[in-house]
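The residues of the chain are indexed from 1 along the displayed sequence. Order of appearance sets the numbers: ligands from 1, and atoms from 1 within every ligand.
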Amino acid sequence: MTRQPVFRFAPSPNGLLHLGHALSALINFHAAKLLGGRFLLRIEDIDVTRSRPEFEEAIYEDLHWLGLDWETPVRRQSEHRTTYAAALETLKQTVRLYPAFLSRKEIRAAIEGQNTEQPWPNDPDGAPHYPPMDRLRSQDDIKTRLSAGEAFALRLDMQAALASCPSSLNWRELSDTGQEQFITASPADWGDVLLARKDFPASYHLSVVVDDAEQGVTHVVRGHDLYHATSVHRLLQTVLGYEPPVYHHHRLVLDGDGRKLSKSLASTSLDSLRRDGKTPDDIRKMVGFSEPDLRAFQQY
Ligand code: GLU
């Protein structure tokens, strides 16, 4: 028997939902319906400084207004610290994680101080790779810092992790027309990725992978801006022994200048559009949501 498909929409409550989120939520909700599957909403609130209860409330209000419903209780990542801490422990037994102490300013200074001809590599999001300083610290140095109570994040020693994985990692991507493609993952593009923040025992990459596995998500459907992150997710799934979902990275809703929408741009928030008298149907039209957006799933 094949498994019942499970879809999820996973917003972060650090701002109001905009048209791009509406498209993502609509595709997930209707794809789940089309396939007789389940639709989950997950609140990704590990960023304790930027997440706010009023944004979480607004997510529920906007999505209900759009005509969506989902299973309850809703999973809130902030309530699953121990699950992520356990995943970190498992990772520590197989791959090398190291405490990362540098602040943003120190990262910049370390990179500027590098004596190399080559330009410093950036990750696919445009952030510089984490400099090797913390990876190269002696055990004594690390111990001294930890016992002094210095705050630290945890990062993955990427080269060591790759050496312990199969030489080629890939993922199944459903194209817009419903073709299944095998995409080669290239986690090395991210350098030593963050796996736990200084203030929470998980990062975006770790929490998303753990939650998708724990919630039995079979179809990860999200915007194309997260396409490259899937490389890291496949690496973590492999090391943690999780069954990988199938992926579909959908088109993004762009502003008039062809840029990706941002939460800081209030004019495209669902909340302000609703206040301006727009209807859920207007929103579907504005994002161009229609039958072709579901073609990816027709055979799955
Ligand atoms: N929480 C992420 C965001 O709001 C989405 C995570 C995902 O779909 O993998 O961008």
Side-chain angles (χ1 to χ4, degrees), residues 5-29 31-32 38-52 55-56 58-60 62-63 68 70 74-80 84 87 123-127 171-174 183 185 187 190 193-195 197 200 202-237 240 242 244-254 259-265 268-270 287 293 296:
V6 181
F7 290 77
R8 78 340 183 244
F9 174 59
S12 306
N14 54 17
L16 291 169
L17 297 187
H18 55 56
L19 290 169
H21 296 104
L23 177 65
S24 208
L26 284 164
I27 296 178
N28 272 286
F29 177 78
R38 298 165 55 202
F39 172 65
L40 312 178
L41 172 65
R42 182 165 79 221
I43 300 295
E44 302 215 319
D45 58 350
I46 62 168
D47 186 342
V48 285
T49 51
R50 291 173 65 220
S51 296
R52 296 221 230 111
F55 290 134
E56 186 176 330
I59 289 171
Y60 301 137
D62 288 343
L63 296 180
L68 311 193
W70 49 88
V74 164
R75 185 176 176 108
R76 300 170 74 237
Q77 292 187 324
S78 57
E79 293 165 358
H80 292 270
Y84 306 131
D123 70 23
D125 282 348
W171 80 82
R172 285 162 62 209
E173 173 84 19
L174 299 181
I183 309 289
W190 291 87
V193 276
L194 184 73
L195 292 187
R197 300 162 56 93
F200 191 86
S203 65
Y204 159 65
H205 296 303
L206 182 72
S207 58
V208 101
V209 162
V210 169
D211 286 357
D212 286 338
E214 282 229 327
Q215 295 189 288
V217 171
T218 57
H219 291 66
V220 170
V221 178
R222 57 188 177 194
H224 211 271
D225 50 338
L226 290 168
Y227 184 86
H228 294 288
T230 307
S231 285
V232 176
H233 301 174
R234 282 297 296 120
L235 175 66
L236 295 176
Q237 287 158 356
L240 289 165
Y242 296 154
V246 61
Y247 288 86
H248 173 61
H249 293 91
H250 60 73
R251 65 188 170 88
L252 298 176
V253 180
L254 304 175
R259 281 186 306 242
K260 186 186 147 209
L261 299 182
S262 117
K263 279 185 175 153
S264 52
L265 198 71
T268 61
S269 81
L270 299 182
V287 300
D293 284 311

Do me a favour and list the nearest non-hydrogen protein atom to [atom] with residue, atom name and distance?
{"atom": "atom 10 (O) of ligand 1", "answer": "L226 CD1, 4.3 Å"}
{"atom": "atom 8 (O) of ligand 1", "answer": "R8 NH1, 2.8 Å"}
{"atom": "atom 4 (O) of ligand 1", "answer": "S12 OG, 3.3 Å"}

Subject >> E44/R76 salt bridge by N-O under 4.0 Å criterion >> reply: no
Subject >> Lys/Arg-Asp/Glu bridge criterion (N-O < 4.0 Å) met for D45, R50 >> reply: no
Original post:
Is the closest heavy-atom distance from H21 to ligand 1 below 4.0 Å?
Top reply: no
Original post:
So, does Y204 sit close enough to ligand 1 that a heavy atom of it is under 4.0 Å from the ligand?
Top reply: yes
**OP:** Measure up the F7 and H219 rings against each other and bin them: parallel (under 30°), tilted (30 to 60°), perpendicular (over 60°).
**Re:** parallel
Original post:
Are any side-chain N or O atoms of T218 and backbone N or O atoms of V6, one a donor and one an acceptor, separated by less than 3.5 Å?
Top reply: yes
Using a 4.0 Å cutoff against the non-hydrogen atoms of [X], which atoms of ligand 1 qualify?
{"X": "V208", "value": "9 (O)"}
{"X": "E44", "value": "1 (N), 2 (C), 5 (C), 6 (C)"}
{"X": "R222", "value": "7 (C), 8 (O), 9 (O)"}

**OP:** Please name all residues satisfying side-chain hydrogen bond (donor to acceptor under 3.5 Å, both in side chains) with H233, sequence neighbours left out, ordered by chain then number.
**Re:** H205, R222
Original post:
Are S207 and H80 linked by a side-chain donor-acceptor pair shorter than 3.5 Å?
Top reply: no
Original post:
For residues N14 and S51, is any side-chain donor paired with an opposing acceptor at under 3.5 Å?
Top reply: no
Original post:
Are any of the N or O atoms of A10 closer than 3.5 Å to those of ligand 1?
Top reply: yes
Original post:
Where's the contact between V220 and ligand 1, heavy-atom distance under 4.0 Å: side chain, backbone, both or neither?
Top reply: neither
